[in-house]
Amino acid sequence: MDDQPNSVKPSPPAVEKVTRYSRQAALAMELPFTMAGAVVVGGLVGYLLDKWLHTSPWLMAIFGAIGFIGGVREVIRRLTVNENGPRDGTKSS
């Protein structure tokens, strides 16, 4: 007999659906920070190098572009891994 007679246990497909939607929501909230963070870090490194080497604004632009490219690559990598599962051949649980 159940400990809680009126408890409602969700069916496995419902649990999988909720899990999938919550992972998608978490990814959607994470990706803008990933993209912006890469650009900010790259631009900051370039800015500091510009101040040190007196090459303003060239290194900030170059490192900002490198940060942008790195951010785009990271977003694409996370979306690809999310759709196809891990790349090492194991199944995610």
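Distance check: Met29 CE to Leu27 CG gives 9.5 Å after rounding to the nearest 0.5 Å. Distance check: Asp50 CG to Phe63 CZ gives 9.0 Å after rounding to the nearest 0.5 Å. From Gln24, atom CD reaches atom CZ of Arg20 across 6.0 Å, with rounding to the nearest 0.5 Å. Interatomic distance, Arg73 CZ to Met35 CE, rounded to the nearest 0.5 Å: 12.5 Å.
Val72 and Leu79 fall within a single hydrophobic cluster, where Ile, Leu, Val, Met, Phe, Trp and Tyr are joined by side-chain heavy atoms under 4.5 Å apart, directly or via other members. Note on Ile76: it clusters hydrophobically with Phe68, by side-chain heavy-atom contacts below 4.5 Å among ILVMFWY residues.
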Kindly determine whether Leu59 and Val45 satisfy side chain to side chain contact (heavy atoms under 4.5 Å, CB included), including the steps that lead there. CA-CA 8 Å; Leu59 292 178; Val45 168; over 6 Å; no
Would Leu49 and Thr55 satisfy side chain to side chain contact (heavy atoms under 4.5 Å, CB included), going step by step from the backbone distance to the final call? CA-CA 8 Å; Leu49 286 173; Thr55 58; 6.0 Å; no
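Legend: residues meeting side-chain hydrogen bond (donor to acceptor under 3.5 Å, both in side chains) with Glu74, ordered by chain and number and at least two apart, are Arg77, Arg78. Looking at residues two or more places apart in sequence or on another chain, you find a side chain to side chain contact (heavy atoms under 4.5 Å, CB included) between Leu48 and Leu44.
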